[in-house]
Number of protein chains: 2
Amino acid sequence: MVEQLNDLDATFGALSDPSRRAMLAELTLGERSVSDLAAPLSMSLAGASKHVQVLERAGLVRRRKHGRQQMIALDAARLKRAHDWLDKYRVFWSSAHYALEQALKEEKSDEHGRSA
Amino acid sequence: MVEQLNDLDATFGALSDPSRRAMLAELTLGERSVSDLAAPLSMSLAGASKHVQVLERAGLVRRRKHGRQQMIALDAARLKRAHDWLDKYRVFWSSAHYALEQALKEEKSDEHGRSA
DNA sequence: TAATTGCTCAACCATAGGGTTGAGTATATC
DNA sequence: GATATACTCAACCCTATGGTTGAGCAATTA
């Protein structure tokens, strides 16, 4: 269980804000301009622009100039990295592990029941 | 693709720090005291204690008093939530999706090749 | 009872984060 | 050429975050 690369810092940091998660959700529907992404957010354009920059620095989106628009597209590779990281913990939320936890609890009760 | 609950803010926020991810990794090996968690981190005990509090507020760990020690245990339910959220993006990093992206690029080239 | 251990809390510091407004730049339209 | 559009940048504000030290409390050990 070794820490691989710390762009996880940036990835998880970017994902910790609901406005940015909303942007990513919007981007699953296709490329969007910064204004498109800003529209549903009740926030200044400059504010939304900063969120896009955070997503870009985290490598979660790419941008492409198209005239005076900046077209933003999802780049899911880092999401996969985060998903992979979380996947290492799968056993700890799986039913098998809950069963193990129960078994350990019973074992502990037995210890109390016995002499020790 | 609707945002479900915003404890994702706290979960992803907690995961964005390498010290806290290291703590979680350590906790996969079993319960640990705050001092145990602090030891490998080259940080004051108070500092580590604050990290544990962040993990606890995010619901990623539980604590149990054991004498004068605070035993910390992993609670993976919120990790599952985060994993589930990321899973919605799986199609965007799957090879099928890359194939789709390629197809779209070719289509765009065709447009240039044709009259439009 | 006294001393030690395992913490937490409060105060503080420096930096980052989320937001704003105002100005500036580049492209598109009239 | 003038104007509107789609941004970005800089400055600023306030709050949060990551870290420290010093004090204090609760439980264990001597």
Side-chain angles (χ1 to χ4, degrees), chain A residues 3 6-27 30-73 78 82, chain B residues 3 6-27 30-74 78 82 116:
Chain A
E3 201 60 47
N6 61 351
D7 51 20
L8 284 172
D9 290 25
T11 301
F12 284 129
L15 293 180
S16 71
D17 184 272
S19 300
R20 289 192 294 261
R21 289 199 307 275
M23 285 180 166
L24 292 178
E26 179 69 23
L27 289 171
E31 272 192 340
R32 291 291 185 269
S33 71
V34 177
S35 302
D36 290 340
L37 293 174
L41 288 187
S42 66
M43 180 188 301
S44 70
L45 184 60
S49 175
K50 281 170 73 169
H51 279 303
V52 172
Q53 287 173 50
V54 171
L55 289 170
E56 193 183 17
R57 263 183 275 124
L60 299 180
V61 303
R62 282 164 290 146
R63 77 203 304 153
R64 181 174 66 84
K65 283 200 68 169
H66 178 64
R68 61 188 158 182
Q69 297 192 117
Q70 299 281 335
M71 300 308 292
I72 313 297
R78 298 288 170 86
Chain B
E3 199 62 43
N6 61 350
D7 51 21
L8 284 171
D9 290 25
T11 300
F12 284 129
L15 293 180
S16 70
D17 183 272
S19 300
R20 288 192 293 261
R21 290 199 305 278
M23 284 179 167
L24 291 177
E26 179 68 23
L27 289 171
E31 273 192 339
R32 291 290 185 268
S33 72
V34 177
S35 302
D36 289 340
L37 293 173
L41 287 188
S42 65
M43 179 188 302
S44 69
L45 184 61
S49 175
K50 281 170 73 170
H51 279 303
V52 172
Q53 286 173 50
V54 171
L55 290 170
E56 193 183 17
R57 262 183 276 124
L60 299 179
V61 303
R62 283 164 291 146
R63 77 204 302 152
R64 180 174 68 83
K65 283 201 66 168
H66 178 65
R68 63 188 157 184
Q69 297 192 119
Q70 299 281 337
M71 300 308 292
I72 313 296
L74 188 62
R78 299 288 171 87

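Lettering follows sequence order; numbering is per chain, from 1.
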Participant: From the set C:dT5, C:dT8, C:dA11, return the single nucleotide nearest to any side-chain atom of B:Lys50.
Facilitator: C:dA11
Participant: Calculate the interatomic distance between A:Glu31 atom CD and D:dA6 atom P; express it in whole Å.
Facilitator: 16 Å
Participant: Rounding to an integer number of Å, can you tell me how far B:Met71 CE sits from C:dT8 P?
Facilitator: 13 Å
Participant: D:dC7, C:dC7, D:dC9: which one has an atom nearest the side-chain heavy atoms of A:Gln53?
Facilitator: D:dC9
Participant: Nearest-Å distance, CD1 (A:Ile72) to C1' (D:dT8)?
Facilitator: 12 Å
Participant: In whole angstroms, how far is the P atom of C:dC7 from the CZ atom of B:Arg64?
Facilitator: 12 Å
Participant: Any side-chain N or O of B:Ser35 below 4.0 angstrom from OP1/OP2 of C:dC7?
Facilitator: yes
Participant: List the residues meeting side chain to side chain donor-acceptor pair (under 3.5 Å) with B:Gln69, not counting sequence neighbours, and say none if there are none.
Facilitator: none
Participant: With respect to the phosphate group of D:dT21, does any side-chain polar atom (N or O) of B:Ser44 fall under 4.0 Å of OP1 or OP2?
Facilitator: no
Participant: Given C:dG19, C:dC7, C:dT27, which nucleotide is nearest the side-chain atoms of A:Met43?
Facilitator: C:dG19
Participant: List the atom of B:Thr11, the atom of B:Ala82, and the distance in Å for their closest heavy-atom pair.
Facilitator: CG2-CB, 4.0 Å
Participant: Under 4.0 Å between a side-chain N/O of B:Arg63 and OP1 or OP2 of C:dT8, yes or no?
Facilitator: yes
Participant: Is A:His66 near enough to D:dA6 that one of its side-chain N or O atoms lies under 4.0 angstrom from OP1 or OP2?
Facilitator: no
Participant: Rounded to whole angstroms, how far apart are CD on A:Gln69 and P on D:dA4?
Facilitator: 19 Å
Participant: C:dT5 P sits how many Å from B:Asp36 CG, rounded?
Facilitator: 15 Å
Participant: For C:dG17, does OP1 or OP2 lie under 4.0 Å from any side-chain N or O of A:His51?
Facilitator: no
Participant: Nearest to the side chain of A:Leu45, heavy atoms from C-beta on, is which of C:dT21, D:dG19, D:dC7?
Facilitator: D:dC7
Participant: Write down the atom of B:Ser49, the atom of B:Val34, and the distance for their closest heavy-atom approach.
Facilitator: CA-CG1, 4.2 Å
Participant: Taking B:Leu15's backbone N and O only, do any of them form a donor-acceptor pair with B:Arg20's side chain (distance below 3.5 Å, no angle check)?
Facilitator: no
Participant: Given atom CZ of B:Phe12 and atom P of D:dT17, what is their separation to the nearest angstrom?
Facilitator: 16 Å
Participant: Applying a 4.0 Å non-hydrogen cut-off, can you work out what B:Gly67 is touching in the nucleic acid: base, sugar-phosphate, or nothing?
Facilitator: sugar-phosphate
Participant: Output yes when at least one side-chain N/O atom of A:Ser49 is less than 4.0 Å from OP1 or OP2 of D:dT8, else no.
Facilitator: yes
Participant: Kindly compute the distance separating CG (B:Leu41) from NE2 (B:His51), expressed to the nearest 0.5 Å.
Facilitator: 7.5 Å
Participant: Nearest heavy atom decides the nucleotide; on that basis, is A:Asp17 or B:Ala46 closer to the 5' end of DNA chain C?
Facilitator: B:Ala46
Participant: Quick one: are A:Leu24 and A:Val61 in side-chain contact, heavy atoms under 4.5 Å?
Facilitator: yes
Participant: Can you tell me if B:Lys65 touches the phosphate of D:dA26, counting only side-chain N or O atoms and a distance under 4.0 Å to OP1 or OP2?
Facilitator: no
Participant: Is the distance from OP1 or OP2 of C:dG18 to the nearest side-chain N or O of A:Arg20 less than 4.0 Å?
Facilitator: yes
Participant: Name the closest nucleotide to the B:Arg68 side chain, picking from C:dT5, C:dT27, C:dC7.
Facilitator: C:dT5
